[in-house]
Protein chains: 2
Amino acid sequence: MVRYRLTVEYDGGPFVGWQRQDTGLGVQQVVEEAITAFSGEEARVHCAGRTDAGVHAYGQVAHFDLVRGDVTTKTVRDALNHHMKPHPVSIIEAEIVDDAFHARFSATEREYLYRIMNRRARPAIERGHVWWVPQTLDAEAMHGAAQVLVGKHDFTSFRASICQAQSPVKTLDELRVTRVGDEIHIKARARSFLHHQVRNMTGTLMDVGRGKWTAADVEAALAACDRSAGGQTAPPDGLYLVRVGYEPL
Amino acid sequence: MVRYRLTVEYDGGPFVGWQRQDTGLGVQQVVEEAITAFSGEEARVHCAGRTDAGVHAYGQVAHFDLVRGDVTTKTVRDALNHHMKPHPVSIIEAEIVDDAFHARFSATEREYLYRIMNRRARPAIERGHVWWVPQTLDAEAMHGAAQVLVGKHDFTSFRASICQAQSPVKTLDELRVTRVGDEIHIKARARSFLHHQVRNMTGTLMDVGRGKWTAADVEAALAACDRSAGGQTAPPDGLYLVRVGYEPL
């Protein structure tokens, strides 16, 4: 048996999310069917972060096992890309890893990017790839308020009601807001996140950007430990899983 | 009568090109129908560069006239964007200009960007927005060869057979090739271009990038003044009309 680690890029637009579901096509199903198509084996693919419907990934990490041990990483990458051709999913890299490696449980860091298109005109070329906010936002104020959220906190106020994590306590290592031309980029980095945490923090920071909230309001929302105290959930379109970090084996 | 100048962004993917055609939807038709929808007037829209099917624009410039003289530029921008909502076309800016202004004939400079995605894995997120070339390209060699094309030349070797320009002689002011991460960007700037000129130059430079051609081969192709001496036509997906320049009025 050989374990393969994949780095996966996808456009979340047409999918119900990473996970296999009865309601539509998941990225997981696309990858699993491509594995069967080229190897004849029925492999289960595990990922580092199960992204929601419409959320994109530049660097999702996943792993799967093949019983036959003679398939090179180049063949895995190219054969999967060949069979996934109709779908906006692409294997950037395939590597052979130790059996102890698990895409989800071995991960020590996740990095997300949230892109807000902040201009009067709605996006044409970037449609589906950004959250369009026409009202001018103050990126500096957003960055200042974001620092309230950095560190170890109970993030219940920014957690989806359907979140399955055992504890609402997480350590947010970085939350950086920068203006890049017409866009505002929010970089979020942590060992792990609660369900919808990045999108809920983004929706809250948007309220700071348009002057409705202050950093003190964000602090109060965090302290309330109540989802209804946080801001809106930003749409999935602007969210990207950029990178997953692992300890060197 | 009031003349309006528009800066237009669009994703060329779903269109037959800028121009109205019987074979499908053109960007021109989308804009013209939106003008009629908000003003009741049947205006003709003229653009700076009639992009082909699949070619994108960040900064196409167009103009049109309204008989009624009471419509603000803000209303023009927002009303057009409202009526064009189903389509990936967006008015970035609307301005009132002198009657002497003509989007096409007053233009003194056009700038295009060509994006090549140069990596083994095909693009997922940027699908339709780049030309995917899996073979590693030498961007420096491409840039060197590109300098052969800069200046005043007979560009017959890089001109589409259906090109309607009176003369094949053009002055290319800039042709810059740079590597940006996994992508190679080609910036082309001139007063005007022949039909398919940027895409034909790009296809030729690609042959230099993969070591099939040298700068001397590009020089010989240019001197041949024969389309069959030039390289292939790069696909429309990677081409963007970035900016149109005008003399200050």
Side-chain angles (χ1 to χ4, degrees), chain A residues 6-15 27 30-31 34 51 54-60 73-94 113 115 117-130 132 134 181-182 237-242, chain B residues 6-15 27 30-31 34 51 54-60 73-94 113 115 117-130 132 134 181-182 237-242:
Chain A
L6 305 174
T7 305
V8 193
E9 177 183 303
Y10 50 86
D11 183 325
F15 301 110
V27 180
V30 169
V31 181
T51 53
V55 174
H56 319 289
Y58 278 115
Q60 173 73 279
T73 54
K74 187 177 175 306
T75 299
V76 166
R77 182 193 62 194
D78 294 348
L80 288 180
N81 282 337
H82 173 74
H83 288 287
M84 301 190 304
K85 217 173 242 174
H87 305 285
V89 182
S90 179
I91 305 299
I92 305 298
E93 201 176 3
L113 166 69
R115 291 173 61 189
M117 174 74 84
N118 187 39
R119 67 177 194 194
R120 278 299 302 175
R122 62 187 169 66
I125 293 172
E126 298 300 333
R127 185 157 78 156
H129 288 162
V130 292
W132 174 44
D182 279 342
D237 313 55
L239 187 59
Y240 297 74
L241 174 53
V242 170
Chain B
L6 304 175
T7 305
V8 193
E9 176 183 304
Y10 49 86
D11 183 326
F15 301 110
V27 180
V30 170
V31 182
T51 53
V55 173
H56 318 289
Y58 278 115
Q60 172 73 279
T73 54
K74 187 176 175 309
T75 299
V76 166
R77 182 193 63 194
D78 293 347
L80 288 179
N81 282 336
H82 172 75
H83 288 286
M84 300 191 305
K85 217 173 241 175
H87 305 285
V89 182
S90 180
I91 306 300
I92 306 297
E93 200 175 3
L113 166 68
R115 292 173 61 188
M117 174 73 83
N118 187 40
R119 66 177 194 194
R120 278 298 303 176
R122 61 187 170 66
I125 293 171
E126 298 300 332
R127 183 156 81 155
H129 288 161
V130 293
W132 175 43
D182 279 343
D237 312 55
L239 186 59
Y240 298 74
L241 174 53
V242 171

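Numbers restart at 1 for each chain; the letters A, B, ... are given by sequence-line order, proteins then strands. Excluded from the calculations below are hydrogen atoms, water molecules and symmetry mates; all remaining heavy atoms, backbone and side chain alike, are included.
We find that B:D78 and A:R120 are joined by a salt bridge, their nearest charged nitrogen and carboxylate oxygen being less than 4.0 Å apart.
In this structure, A:F15 and A:Y10 have perpendicular ring planes: the angle between them is above 60°, well past the 30° mark.
Contacts between A:I91 and chain B at a heavy-atom distance below 4.5 Å involve the backbone alone (N, CA, C, O). Using a 4.5 Å cut-off between heavy atoms, A:D182 does not touch chain B at all.
Of the residues considered (A:A121, A:P88, A:G12), A:P88 shows the highest number of contacts with chain B, using heavy-atom pairs under 4.5 Å. In terms of non-hydrogen atom pairs under 4.5 Å with chain B, the most contact-rich of A:R119, A:H56, A:H129, A:E93 is A:R119.
For A:S90 (side chain) and B:R122 (main-chain N/O), a donor-acceptor pair under 3.5 Å exists by modelled atom type. A distance-only check finds a donor-acceptor pair linking the side chain of A:E9 to the backbone of B:I125 [under 3.5 Å].
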